[in-house]
Each structure stands twice: as C-alpha cells, then as structure tokens.
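See below for the structure under consideration.
The structure presented is a predicted model; accordingly, all values stated were derived computationally and were not measured. Chain A is the first sequence line, chain B the second, and so forth, proteins listed ahead of strands; every chain is numbered from 1.
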Protein chains: 4
Amino acid sequence: MPDSHSAILLISCPDQKGLVSAVTRFIFEQGGNIVQLDQHVDTEASAFFMRVEWDMAGFSLERDAIGTAFELTIARRFGMTWTLQFSDAVPRMALFVSKQSHCLYDILGRVQSGEWRVHIPLLISNPESLRPVAESFGIPFHVFKITGENKAEQEAAQIALLKQHNVDLVVLARYMQIVTGQLIREFHNRIINIHHSFLPAFAGAKPYHAAYARGVKLIGATSHYVTEELDAGPIIAQNVLAVNHRDNVTDLVRKGQDVEKLVLAEAVWAHINSRVLVYNNKTVVF
Amino acid sequence: MPDSHSAILLISCPDQKGLVSAVTRFIFEQGGNIVQLDQHVDTEASAFFMRVEWDMAGFSLERDAIGTAFELTIARRFGMTWTLQFSDAVPRMALFVSKQSHCLYDILGRVQSGEWRVHIPLLISNPESLRPVAESFGIPFHVFKITGENKAEQEAAQIALLKQHNVDLVVLARYMQIVTGQLIREFHNRIINIHHSFLPAFAGAKPYHAAYARGVKLIGATSHYVTEELDAGPIIAQNVLAVNHRDNVTDLVRKGQDVEKLVLAEAVWAHINSRVLVYNNKTVVF
Amino acid sequence: MPDSHSAILLISCPDQKGLVSAVTRFIFEQGGNIVQLDQHVDTEASAFFMRVEWDMAGFSLERDAIGTAFELTIARRFGMTWTLQFSDAVPRMALFVSKQSHCLYDILGRVQSGEWRVHIPLLISNPESLRPVAESFGIPFHVFKITGENKAEQEAAQIALLKQHNVDLVVLARYMQIVTGQLIREFHNRIINIHHSFLPAFAGAKPYHAAYARGVKLIGATSHYVTEELDAGPIIAQNVLAVNHRDNVTDLVRKGQDVEKLVLAEAVWAHINSRVLVYNNKTVVF
Amino acid sequence: MPDSHSAILLISCPDQKGLVSAVTRFIFEQGGNIVQLDQHVDTEASAFFMRVEWDMAGFSLERDAIGTAFELTIARRFGMTWTLQFSDAVPRMALFVSKQSHCLYDILGRVQSGEWRVHIPLLISNPESLRPVAESFGIPFHVFKITGENKAEQEAAQIALLKQHNVDLVVLARYMQIVTGQLIREFHNRIINIHHSFLPAFAGAKPYHAAYARGVKLIGATSHYVTEELDAGPIIAQNVLAVNHRDNVTDLVRKGQDVEKLVLAEAVWAHINSRVLVYNNKTVVF
C-alpha cells in the first residue's frame, strides 16, 4: 500500500553554498516530490534554516532508513542539526492548567472536533478547579499541590508522569505556577507558555493591571517556549487587541482571553506541524 | 448670518450625580442641538469626563459669552475643569523634525490636500536635511543646532519662536532630540511625540534593534504627550504590525515607518478635534 | 437591601432639541447616577439613538414603575421607542447547530466559565452530530430533521419549543439550514447568525470556495440579525484575517473558524449587554 | 570590481519532480549563494511557482549570459516560464492621477526619501488638479482630457508617451477613468490599480457610499492588476479598517484613504521587488 503521507525535515546549520541544492537533490534522487520548501538565511548570524516537506508516495527509502541516509550523505558534510517528522504522527500533548478555563476549552474543542490531530493523555493542575472540565472531556486529571517546600519534589513527580505517558509537548494553558529548571531541561523547547501581555512589556505577574495603570491602547498575548528566565523565552506568536479608556481591568482580562487563546493555538499549531526552529533565543516559524 | 459651526466642551471633574443633566440642560436652554455627546466615568478614580458638541445655529449665546456663562452657572458648582473650542478654529501647529521624512510627508500631504484643517507656520529641525521638503511645500524652516552646552539656550529660542507664531500644538515628527522641561512646561499636554515601539516595550534609543534582538513577532508605534520622563507620557494612540524572522533591522525600520505615520496622524487628529483629555498620566480619547 | 445593579435604557426617536437633557434629568431627579451614556445622531436620517445606564442604588423608583414613569413623562412627548433592561437579568439563549462544533464549544466555554451570564435551556440541531457535545455539557439536545416538505411544520414545532423555554435570543452557531419567515418574525431582531465571509462579499453557500477562487488576500466573518433576505440582515460585527496563496480551501475553512467564533461572540456579547439598536437595516452598536 | 547585487528568478511551470533540485543546482554550480528561496505548488492546478534570489558575488556567469544558460539547460526541459531581474535595477514607474492626492503624496514621499528605488519620469492626469504637487516634486505632468469620443485616441497618445519614457510599470493612484483594452494589453500585468473597497464587495463606482448604505463594520481597499473586466483583476494586496455607526460617508472616505495608500504601497513594493506571479486571475506574492 503506498504511503500517502509526507515527511518533514527541519534543518539548521552554518550558511554555505550548495545547501538547498544538496538537500533537494537528495529528496529528488530518492523519488520524492517536494510539497513545500521554505528556507531562511540569517546573514548577521551566518546561519541557515530550512523546512522541506515531500510526498512519501513513491519515495524509495523506508521511513526508518531516511534519517541515517540523510545524516551520512548530507547532514555530516554540512554540519547540519536536523529533525525528521512524518505528517501522520500524532503528538502526545500534556496540558498544565490552574483556574482559568478559556485556553483549556479552546484546545479541547480543537482536538475533539478533529481540527488538531494530537492526543492529550492527561491534564496537570495545581488546584482542583478544572477537574469537571477534564471529566466532561474524559481526560485524566492530576493535581499536584505545590508549596514553597515541595516544588522540586512535585516537579520530579510531574516529570515521571509525563515520561510514563510518553509526552512530546507540554502546554501551559494559563498555568499559574512558575516552572523550574528540572522540567525545563527535560522538555527543552517543548514547553509552550501563554503570557497575557505583548512581551517584553509587562512581564511577570498581573500584566493587565500594569497595562491598565500605564494607559496603553493595546493589550496582547505572547506564546513562547519556556526558558529558565521568566517570560523571556523564544517568542513563537504574538497578537494584540485595541482597548480604550472605557475598559477597566475586568474588561482587559475578559477581552484579553480571546487573544490569549488564539495566540496559544497559533503557537501550538506551528509546533505540532514542525514549523518552528529555535536559535539565539528567537524562533524561525516557517 | 447664522453660525453653521459647532462648539465643543471638554469637561473633567469629580464624579457626582446630575452632571450630564446639568450640562445638557444648559445647552438645551440656550437653544443648542447636541450633535455628539460622550462621557466617561472612571469609577476607581471617581472622576468624570465629558465631551459634548452642539450646533451653534440657533444658539442664543454669543461665542464670547459661552465660557463665562458656563463657568458661572455650571462649572463652579461641580468643580469642573473645562475647555471650549469651536469647530471652525484652525489650530497652529509646529513640526519638529530631524532626518527622516516619512511622518513629515504624511502630515504635509494631509494638510495640503485639505484632509486636516490646520496651519503650519514653521518647521524646526536640528540638521539641515529636510530643508528641501520644507521649501517645496513653502514652509519656513528653522535650524537649531543643539549641543550639550547650548541646549537650554536653544530651547529658549525655540519657545520664543513658537510664541511669536502663536503655536497651539507642537508635533515631534521623528525629532531625534530629547525635549526638556522648559519647553514641556510651556506646552503642557500640547507636545505630541511618535515613538517607534509599542510602549512600554523598547523605550529609549534604537527600539527596532531591541525588537529584532528580542525576536518579537510584532513591531509597533506609540504616540503620546511628552512629559519630563522619557517615553513615559500619556499614550494617545498605538498600533502594531506583524513581522517575522525574515525581517532584519532594515525591514523593521522600513515597515515600522508606515505604522509610525498612521499612529502619529491618529493622535494629532484626535487632539485637533478636541477629543483628548489627560488624567493620571493616561488619556481619554473620545 | 439596596439594589446594586444598573438599569439600561435603549432609546430611538426622531432627532430634536432637548432629548439628552430630558432623559438625563429624568434619571437625575429620581436619584440615579449615570454610569455610562452614549448617544448617536444620524443626521441624514434625522434619527436619534441613545443608551444610558445608571446605578439603581438610591434610585427612588421601583423597577416595575420605571417604564410607566418614563413613558408618561418623557417617551410620549418625544415619540420615543425604548426598551428597559436590568444588568442582573440572565437572558435565555437557544443555540441552533449542525455539524461544526467550533462556535458551539466557544459559546459553551464562555457560559460555563462564567464569562457570559446567560442560560442555555436547549440546543436545536438538524443532524445528530453534536449530541455528544451537548450531553457532556448537560444541555438538552433536540433534533429536527428538516426536508423540503416538512420545513414549515418543523419550524412551527421549533417555535413552540422555544416559547415553552421562554427563549429570549436564538443564536445560529453555524446552523446549516435557512431559517424562514415564521421563525424570523417571531424572533424579530433576536436571531443572530454567523456567516463565514465579509459580507456583502460571498453571500450564500460555500463562501470559502468562492474566496479561494477569487484569490482574495483576506477572509472574514459577519454576524448579523437574520431577516427574510438571505445574508442581508443588519450587520452587528465583522472581522477578517490575512491569508495568502499557500492557503487552500481547507486552510481557509480552518483559519476562518477562529474568526467566526470571535465575531459571533462579539455580536452576542453586544446583544446580551443591550448595546444594539437596529434601524434602516443597519445597527448602532454602543 | 565584484558585483554585490543579487539576481532574482521568477519561475512558473507544470508541477513535476526535481524542479527545486534542478534550479538550485544550476545556481550552485555557477557559484551562486542563495539568499532567499520561496516556492509554491498549487496541487489543484498542478502548477509550480518559485522565486529564488542569489548573491551575484562570485557567480561565474555574466549577467547577460544567465538567461540563455538557464533557458537552454533548465527552463526548456521543464517547460518553464521565467523572468530574470537584478536587485540594482531601477524600475521606471508612471503614475496616473485625478483629483485626490493622498496616494500620490504617499508614493512621492517614499521615492524621494529613498525608501523605494524607482524612477518616476512622468505623471498622467485627466484634470489639472494635481499639477502643483507634480511641480513641487519636479516631475513632468501631462494632462489628457478624456471624453466619450476621444478615449481611444487619448489612450493611444498615452501609450506612445509611456513607451517614449520606457515605462515599466503604470500605477493608477486613484485615477478616476476606466482604462481600456489597448493600454491593458500593452502593459499586461504591469498596471496596478487601487480600488477603495475590499473586493469583491462594492466593485464599481462610489464604494464608500455603498458600504455606508449596507452598514458594514469594516471598510477596505484592494490593489490589483488591471484587466479588461472592471475591478476583477488579480488581487495583489488587501486590507481593512474597523468603522462604526458614527462614521458617515465623509468619515469613511477620510479613514479609507489611509488604507488605500498603504495597500497600494504594499502592492507596488511587491511588484518592484519581483515578488508577484500571476496565474488563473490570482497572484502568488512571495
């Protein structure tokens, strides 16, 4: 039976002549038809980035063999870092939540309607608040109460649980705890957070209060990979919404939720479709 | 000959019962028909703001008498601060510029085409760069070379020139000097600046470089009244534009210019139409 | 116990002098403090529109008496059409759905999280598809299979059911049947639809296919009150999203869903907060 | 002296395997370093599109020889249609105007400030209105009064003038005459118009009046190549702006001008940077 899915290579390496030619020739010579190719050169950093997706129908290499062949014939020669994904893979995504449900409902709706092809094996929360939501969607709900003393211990338990469920991606869907180094290192560039401001403005707690106090005419949201410095990781997506003097803090919170859920969804969509490369604490989103 | 123009009252005072009723009754009893009324209550600050515009056709008070009558019968009673403008007034606007011409061309085009009813008696600049633009539009161009030593002196000379020309409003159209206290106090809430970032992010010098380094997915511009704290005055208008990894600093500068000119124009338009009230370092833009 | 809620008057009438003065004086004299006032004059149509909201704390009239008093002392004199609402009322909203769930999830999430204070007594659908969603949210789900022959009969049964549940507002959340005159007249200006294009472009079936064929660089959504002419009712809210040559019809459908749900939510929010007035097949949205 | 500029190939052909590989190998083997590559496959139309830009420094072929070499070794084999441009070329652009000056000022400002590297050898107008603008910018201004009888004759004269000035691109900057077949055929896909609505809504005359009458909550502008069917050519860029019930037709006209000038500028920028391919009455804008 022919394989009707596609393969996706995400590549980065020092810029040099012949990169696109070499990669596309590799695909062509094995019988692959390129569906989409996007590349980017950061001339300042002399860095090359590429995403290429080709139809696996008629491709002469088995899935298992592609990586080795690419590494040996192309990647080594050019010093490439690369990942290979297939379009029919179903990523396993864990959601971390607290009390607010708007991002959670938005994500669960996208998954359950089939808009997103991901599997959500579990939800992790600090309070009990959203257990009914998890239950109505039939998803296991794990509460980890976190205090000043038990944080490291609880994160270790979270990591164990995530590994047990073979989780690929962690999404902090308005999770009101600061995630620390252990978890961040374990899921390097695989934890996506939504922050409720247009970073770098209003990092930290209570950004809508700060936005109100400053009298801005826009509020926004930023989705980024989590790094050890708070709200300072590589930005994947951002958007804003116009507000005015009539909007008090409650209005900003309410209106902001719509931006938060869309921006988080945009970032997760890019990640699960293998469209994001990280370098220099920035992202290339193909 | 009947007066076909309108009068505009901008009012602020402590919030209390009967404010709208008292103001609208005053207008009604003198035979005025309200064209537009907008009010705002900041419940946290217990502050009331109002803009009311009425048709002068059939209004029984002479223009000169309105202020006194309003002060004596209404404003004193409620402790109101107010200004009165007429829609046929032509504000006198001075532009401060440096080397970049995009905001200047945009404003001059709006004035010359009749979109804006303002008079521009002069341009003030530190370098000579934009003299040809001023000349092609027939506007006097005054150069004030500013050094560390002569700044206070040069600003004093600028103030004298602005006063001599009866300037109502100063617009810093990408003026690359920091304006200081003397000028700011003289034109309190009458100096509008355009800053090339979505404040409070990237205040200060080289915001596009900072935005590029941080890897934001939006760039923006902010128009605000100038106060003594740099880039921290009351925000009148803001907007943003999506950017991505392909945009280097040169692209950000180029794309940002379009946002800058529109945001500055939006702020100036609001000001010259008597739509802006300032309080608590914020604005109400009716 | 003092009434801490507010009352909202929505008023329209022929434009004339003294309207704002009369209404605000009525409120003031009964001890009401105006929280928000917005008015609009359509000079072409010589029509006046007003929304005024005041704090009921300390208001001397009982809720039941306000309408009669306002009608007798003010409304009759000026020929006003008006409605009176209280901010603590909980509107009863019926949702009509078909197969797509994005608007449904979005609305149910807003209601269940407490963002919207409405009650949803029932869902009406033509196919069975979304019954599981209704059940997981605990909302009765009624299927009305509609054919060419039974349409009038089924709509009559729908109307009976809506009345039995005292429904105030009908929201067509991507309902793929054309609603006809009987239901429209029964719920005049109380049926809100979401159409998946920026009307008047691409009215009728398959707007995303039409948008793709035309090669537009924007797709959009329009929320409007349903009238007997298809997709031609008064527009309440519209928005768009940038697309490009990479987006095929499937992408347009997927991306468009986010605009659809936000635009529909914006329109419903305006309606349930008594912010919409209809005239000349247009809306005033205060 | 080394050539520090880049070459740009725009290619379209039937989709088939090996296209990217063949083109990039051609560039690589002559010593070119690819700066930017973008490709698109319309699977429905089985059509392939590509834009590739490479650094001419170190490229072994002379500029004059590239086209022939590419045609003989690559293009013929795959049935490609292609154009070759160099980044240091300065396109010659004619502007057609009538009475409104906002697009004209915007374009002239971009050219004079150096934002755009184009040469404007002449302006063509039907009324005299904007002659002073042309003169203040030092650009020859040619008036062609057009009547029902002399249209064909006047267009022939315009074509002669455009050819005499070696014009590459014609921009209709709110030119209020309908351009006809002779001129359109002569400058196939090289005449860019700005229409003041979000097409396909409100094609034809007076779109702002129509938008006002329909009560839309958005107004927009569309830039497109001119074809013989009015306002139906391939769309290059579109954008919109939120409006509300307060905006009368005059407001729509004023606000719309800002969208018009930005959308037209975006389209012209894409064209002069060799980023636009046309097929099936649509555009690929790389």
Could you have a look at [options] and say which one has the most heavy-atom pairs with chain D under 4.5 angstrom?
options: B:R254, B:Q100, B:E115; result: B:R254
options: B:K261, B:E135, B:H102; result: B:K261
options: B:R246, B:E266, B:Q112; result: B:Q112

key: Near-ring test D:Y105/B:F137, centroid separation under 6.0 angstrom   =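 When the ring centroids of B:F137 and D:Y105 are compared, they turn out to be within the sub-6.0 Å range.
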task = Compute the centroid of each ring, for D:H271 and then for D:Y225, and state whether the two points are separated by less than 6.0 Å.
result =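 Yes, they do, as the ring centres are separated by less than 6.0 Å.
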inquiry  = Using side-chain heavy atoms (C-beta onward) and a distance below 4.5 Å, is D:N239 in contact with D:L262?
reply    =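 No, every pair of side-chain atoms sits at 4.5 Å or beyond.
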task = Under 4.5 Å heavy-atom distance to chain B, tell me which part of D:S113 shows up: side chain, backbone, both or neither.
result =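 Both backbone and side chain of D:S113 come within 4.5 Å of chain B.
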request  = Tell me, with the steps shown, if B:V284 and B:D38 meet side-chain contact (heavy atoms from CB on, under 4.5 Å).
outcome  = CA-CA 11 Å; B:V284 171; B:D38 220 335; over 6 Å; no
